[in-house]
There are 2 protein chains.
Amino acid sequence: MAAGRPHSRDKILAAAAEVAREVGPGNLSLDAVAYRAGVSKGGLLYNFPTKAKLMQALVQDYVTTYEAQLDQAMQGQGSLLAAHVALSAKECSETVPSAAGLLAVMAEDPDFLLPIKSLKRRLLDRLKSASPGASNLLIVFAALEGLRSMKLFDMDVFTDEERETLLADLLSSVGAARQS
Amino acid sequence: MAAGRPHSRDKILAAAAEVAREVGPGNLSLDAVAYRAGVSKGGLLYNFPTKAKLMQALVQDYVTTYEAQLDQAMQGQGSLLAAHVALSAKECSETVPSAAGLLAVMAEDPDFLLPIKSLKRRLLDRLKSASPGASNLLIVFAALEGLRSMKLFDMDVFTDEERETLLADLLSSVGAARQS
DNA sequence: ATTACTGTACCGTCTGGACGGTAATGTCAA
DNA sequence: TTGACATTACCGTCCAGACGGTACAGTAAT
């Protein structure tokens with residue numbers, strides 16, 4: 001769990017996401033990942049004994065990264081909701097490399113995504129208790145989820161202008177009922 | 001395009017979605033689909049000469065079905081936005097069998113989903129011109145997209161109560177600025 | 001001696017797709 | 001009406017290649 005020795009681990013995880021984007025989420029092969037990571041197949045299987053373990057690591061990596069970024073964004077400003085909006089906006093504006101990796105995980109077995117589901121639920125609970133008065137919390141949460149999923153699928157139909165408007169609306173609708 | 005003879009075609013399409021749900025989106029095999037459809041592999045390949053063609057048909061099927069349902073919902077009530085909200089709500093409450101099929105398509109190659117992307121864009125344009133005054137149109141659209149994607153991924157974190165509240169809020173926010 | 005690999009060889013299984021049938025149905029001239 | 005042929009809608013088999021995973025000997029650094 002703690003950052004440790006394994007030199008290749010991170011390279012492999014990154015390579016997996018890259019390969020997934022290139023060959024399609026459902027066509028991720030260990031051979032390709034190993035090659036892309038500059039690691040032998042034996043080396044890959046040393047770090048991740050099975051493909052399933054690699055997938056789980058991909059998910060775990062995403063979850064911990066997201067939570068770390070959220071904590072970081074929180075220190076910038078008090079409101080959790082605002083932090084979540086800001087982070088989602090950032091995740092949508094810049095291309096998130098790990099996204100393709102998550103699609104590959106889902107292609108392998110959707111159950112591997114359960115940690116992300118519980119991450120979302122945990123976040124929603126925290127948001128509810130942090131901003132009990134926000135009547136539009138659910139809408140904002142769902143809208144951000146929509147934005148995020150569009151990016152994930154490369155299905156974002158908004159123009160840049162529309163997306164800016166949308167994010168601004170979300171921010172103002174958050175600011176209107178900020179708390180804690 | 002017109003409903004015609006092909007007896008096995010529809011069975012195969014339905015079987016593909018079922019199999020995808022059972023074995024995971026990335027593990028859809030033609031053999032399994034053929035068996036599930038009660039058709040030989042040769043028969044499957046007769047209807048869909050390649051796997052890619054099958055995937056495209058899955059997408060096309062979804063698009064045409066959605067548009068037909070939207071037209072139908074439109075006749076019930078004038079507002080396009082309201083019809084879209086209602087349809088999304090329906091799609092979220094009942095399990096949509098074809099959803100798993102779309103995930104399989106994406107696992108194969110995300111580009112196959114482009115018709116759905118343009119469907120969404122077309123819909124957004126129609127919504128904008130039908131309800132020019134609705135300032136919250138983008139938020140509603142994104143929120144519905146979020147709801148839909150959660151169902152698609154089996155990542156719906158809302159309780160039934162929350163989901164009802166959300167949908168009610170969306171509907172009222174739509175009704176507040178209805179037009180055309 | 002342990003850790004973190006490399007490299008090669010290999011195995012059993014699965015997969016998309018090609019291919020050669022074939023029974024039923026339709027078409028059309030004699 | 002009939003026989004000849006064409007098309008449709010499929011069946012069942014086969015195959016080359018890719019895949020996940022194993023096994024194991026070697027190695028360079030700690």
Side-chain angles (χ1 to χ4, degrees), chain A residues 1-59 101 103-112, chain B residues 1-59 100-101 103-109 111-112:
Chain A
M1 292 296 169
R5 301 306 86 54
H7 300 312
S8 304
R9 218 189 117 95
D10 293 348
K11 269 191 296 182
I12 293 171
L13 255 17
E18 285 171 38
V19 172
R21 185 160 33 80
E22 283 163 22
V23 303
N27 305 321
L28 188 73
S29 72
L30 297 185
D31 284 326
V33 172
Y35 179 80
R36 176 47 81 92
V39 163
S40 71
K41 191 173 176 183
L44 194 164
L45 287 159
Y46 176 79
N47 285 278
F48 305 99
T50 69
K51 196 181 187 183
K53 289 276 166 64
L54 173 59
M55 301 291 118
Q56 287 163 3
L58 242 18
V59 172
L103 290 183
V105 169
M106 195 216 48
E108 194 73 15
D109 184 348
D111 286 351
F112 287 143
Chain B
M1 291 297 173
R5 303 304 84 58
H7 300 312
S8 304
R9 217 190 117 95
D10 293 348
K11 268 191 297 182
I12 292 171
L13 255 17
E18 285 171 39
V19 172
R21 184 160 33 78
E22 283 164 20
V23 303
N27 305 321
L28 187 73
S29 73
L30 298 185
D31 282 326
V33 172
Y35 178 80
R36 176 48 82 92
V39 163
S40 74
K41 187 155 178 204
L44 193 163
L45 258 41
Y46 174 78
N47 285 278
F48 305 98
T50 68
K51 197 181 188 184
K53 288 277 167 63
L54 173 60
M55 301 291 117
Q56 287 163 4
L58 243 18
V59 172
L103 291 183
V105 170
M106 194 218 46
E108 194 72 15
D109 184 348
D111 286 350
F112 287 143

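The sequence lines fix the lettering, A, B, ..., with proteins before strands; numbering per chain opens at 1.
Per the geometry, CG belonging to B:D31 stands 7 Å off P belonging to C:dG16, to the nearest Å. Between B:E108 atom CD and C:dT15 atom C1' there is a gap of 11 Å when expressed in whole angstrom units. Rounded to an integer number of Å, the gap from CG of A:L30 to P of D:dT22 is 11 Å. Regarding A:K11, its NZ atom lies at a distance of 12 Å from the C1' atom of C:dT6, rounded to whole Å. With rounding to whole Å, A:Y35 atom OH is found 19 Å from C:dC5 atom P. Distance CG (B:L28) to P (C:dT15): 10 Å, rounded to an integer number of Å. If you measure from atom CG of B:L44 to atom C1' of D:dG12, you get 14 Å, rounded to the nearest angstrom. Atom NZ of B:K51 and atom P of D:dA18 are 16 Å apart (whole Å).
Annotation: side chain of B:M106 is in contact with side chain of A:P25 (closest heavy-atom distance under 4.5 Å). Side-chain contact between B:V39 and B:V33 is absent, with no heavy atoms from C-beta onward closer than 4.5 Å. At a threshold of 4.5 Å between non-hydrogen side-chain atoms, the residues A:K41 and A:Y35 do not count as touching. The shortest side-chain heavy-atom distance between B:L28 and B:M55 falls under the 4.5 Å cut-off.
For B:A15 against B:R36, the heavy-atom pair with the smallest separation is CB-CG, 3.6 Å.
A sub-4.0 Å separation between OP1 or OP2 of C:dC5 and a side-chain N or O of A:S40 is absent. A sub-4.0 Å separation between OP1 or OP2 of C:dA4 and a side-chain N or O of A:Y46 is present. Side-chain N/O atoms of A:S29 include none lying less than 4.0 angstrom from OP1 or OP2 on D:dA18. Between B:N47 and D:dA9 there is no side-chain polar atom (N or O) within less than 4.0 angstrom of OP1 or OP2.
Judged by atom type and distance alone, B:K41 does not reach the base of D:dG12 through any side-chain donor-acceptor pair under 3.5 Å.
In the set D:dG21, C:dT6, C:dC5, C:dT6 carries the atom at the smallest distance from any side-chain atom of A:V39. Closest contact between the side chain of A:H7 and the listed nucleotides C:dC5, D:dT22, C:dG17 involves C:dC5.
Ranked by how close their nearest DNA chain D nucleotide is to the 5' end, A:N27 and A:P49 are led by A:N27.
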